[in-house]
Amino acid sequence: MSLAFIGMVAGMALGFAGYFGGFAAFLLVAVLGAGGFVAGRLLEGDLDLGDLGDLLRGRDRRRR
């Protein structure tokens with residue numbers, strides 16, 4: 001599947017969740033989608049756990 005198609009499906013899911021379930025459902029779908037994206041990248045080997053640590057670390061701690 002192309003990334004454009006996956007993005008379209010994710011957008012539709014967020015739209016339906018926001019329309020039918022309200023803002024809390026929109027946030028839940030967004031968080032679950034982001035978690036699934038990260039988990040998929042980890043399983044495919046495109047992302048390393050060390051990369052996630054760099055994202056969570058503050059800027060001042062990265063420069064050292």
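Both backbone and side-chain heavy atoms feed into the values below; hydrogens, waters and symmetry mates do not. For reference, positions follow the sequence shown, starting with 1.
Scanning all heavy atoms of the two residues, the minimum distance from A17 to A25 falls at O-CB, 3.6 Å.
Cluster membership check: L32 does not share its hydrophobic cluster with F23, using side-chain heavy-atom separations under 4.5 Å among Ile, Leu, Val, Met, Phe, Trp and Tyr. Placement of F5 and F16 within a single hydrophobic cluster is found when ILVMFWY residues are connected by side-chain heavy-atom separations under 4.5 Å, directly or transitively. Using a 4.5 Å cut-off between side-chain heavy atoms of Ile, Leu, Val, Met, Phe, Trp and Tyr, with links allowed through other members, Y19 and V9 fall into the same hydrophobic cluster. Neither F37 nor V29 shares a network with the other; the hydrophobic side chains, linked directly or stepwise wherever heavy atoms of I, L, V, M, F, W or Y lie under 4.5 Å apart, form separate groups for each.
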